Amino acid sequence: MRKLAYLAIACTTVITACGAEAPQPSPQPTAEPPLAATAPPRPNLPNWKEEMPLPFPFPEGAFAPVDAFVQAQQLGRGVNFGNMLEAPKEGEWGLVVREEYFPLVRQAGFDTVRVPIRWSAHALRQPPYTIAPEFFQRIDWVIENALQNDLNVVINMHHYEELFKDLEGERERFLVLWDQIATRYRNLPPEVLFEPLNEPHGALDNESWEELFRQVLAVIRRTNPHRNVIFTGADMGTLNGLLQAKRPNDDPHLIATFHYYLPFAFTHQGAEWVEGSSAWLGTTWRGNGTQRANVDYDMDRAVRWGKQNNMPVWMGEFGAYSKADLDSRVAWTNYVARAAEARGLTWAYWEFGSGFGVYDPISLQWNEPILNVLIQKQEATGR
Ligand code: BGC
């Protein structure tokens, strides 16, 4: 309900002096230690913020920090709005975000939407790297709809391919993109979470990624001192990537994530973007002893990493491609979701309405067998 009150005032257009410093957070009941200022100085760029009215007026100082462990639990059962806003242009991959999707996923029982976004395709290549205002407005609308429907919303940065090829050439742009995003959304409620980068790989190995993560976190912390931010390992954000990573610093408002697609030859059989995957067609997953034990072992390792690093862990993607047989997909999805939940891990399914889809946007029908194992109706989440 608290979100609705906030949204009632969100409809009036307010032009805020965006060039001004971010509002100071209200004093917090439990003082949190100041964070090391590891962000590089703001590049000397023209003051692009003055042109960017904030989308949602929100009473200053009203941001009530949520404990990272508590919020990781609140993420509950989520779904990725994949193949929409991370396409080079929304719609190019056959799907656009539609208003009805939000109440649809909420009513089906999901608690969270993770929104993959290709920001890098909607910003100037050169300084000041301005994000196109109309693209920002589109994301504003996505966030507004998610909050209106009582969904947590994870805003990520997806498919920044140039960064994976040329870290030094793109470092400043990456940080400035996040400066714009974090500044614009700094006054939104804590149910909006930031995930700085999907599946780091290529030029980003463990070490260089952790350094970049600390930098981007420091940039985000200038304007969002207490918002929960999602941390991932390198190596494509896999469990292995996470296991090789360590907690980046002592910032208390971090939630760790990993993506789970094992066995890969099962979940990615026939995936057009994975070379050689047509040879895997016909791979089944029926949940025999070894198959189950492997999933259990992996989930145990994720939990152990969380304990050792004192961080909550969220499985931000998992799913099996539609070229696998439906019985196997259902069995695997069920087993992975339950194995995660049994250990207190929350998750987001990959994805809503495309190749892994739990919903068919053409026939407007849920894929009931998959939906039923994702959301076990008898155990309504009651958030
Ligand atoms: C990638 C998608 C891919 C999915 C499963 C996502 O993180 O962005 O392109 O379909 O993982 O491989």
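In listed order, ligands and their atoms are each counted from 1. All values derive from a computational prediction rather than experimental measurement. Heads up: numbering here begins at 1 and tracks the sequence.
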### F194 six-ring face occupied by R227 cation (under 6.0 Å, within 45°)
yes
Do any nitrogen or oxygen atoms of ligand 1 lie under 3.5 Å from a protein nitrogen or oxygen, and which ones?
residue: ligand 1; atom: 7 (O); partner: N198; partner atom: ND2; Å: 3.4
residue: ligand 1; atom: 7 (O); partner: E199; partner atom: OE1; Å: 3.4
residue: ligand 1; atom: 7 (O); partner: E199; partner atom: OE2; Å: 3.0
residue: ligand 1; atom: 7 (O); partner: E317; partner atom: OE1; Å: 2.9
residue: ligand 1; atom: 7 (O); partner: E317; partner atom: OE2; Å: 2.9
residue: ligand 1; atom: 8 (O); partner: H158; partner atom: NE2; Å: 2.6
residue: ligand 1; atom: 8 (O); partner: H159; partner atom: NE2; Å: 3.4
residue: ligand 1; atom: 11 (O); partner: E317; partner atom: OE1; Å: 3.1
residue: ligand 1; atom: 12 (O); partner: H268; partner atom: NE2; Å: 2.5

Atom pairs and distances, side-chain donor-acceptor, residues 306-313, under 3.5 Å, sequence neighbours left out:
residue: N309; atom: OD1; partner: R247; partner atom: N; Å: 2.9
residue: N309; atom: ND2; partner: W305; partner atom: O; Å: 2.9

### Query
Taking only residues two or more places apart in sequence or in another chain, which ones pass salt bridge (Lys or Arg N to Asp or Glu O under 4.0 Å) with K89?
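For K89, no residue satisfies salt bridge (Lys or Arg N to Asp or Glu O under 4.0 Å) once neighbours in sequence are set aside.
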### Message
Could you check whether atom CD of E368 has more than 12 heavy atoms from other residues, nucleotides or ligands sitting under 6.0 Å from it?
### Response
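Yes.
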### Message
Against F318, only a single residue in F264, Y349, F356, F258 fulfils ring-ring contact (aromatic ring centres under 6.0 Å, His included); can you say which?
### Response
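Among the candidates, only Y349 passes.
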### Query
Which hydrophobic side chains are connected to V96, either touching it within the sub-4.5 Å cutoff or through other members that do?
none
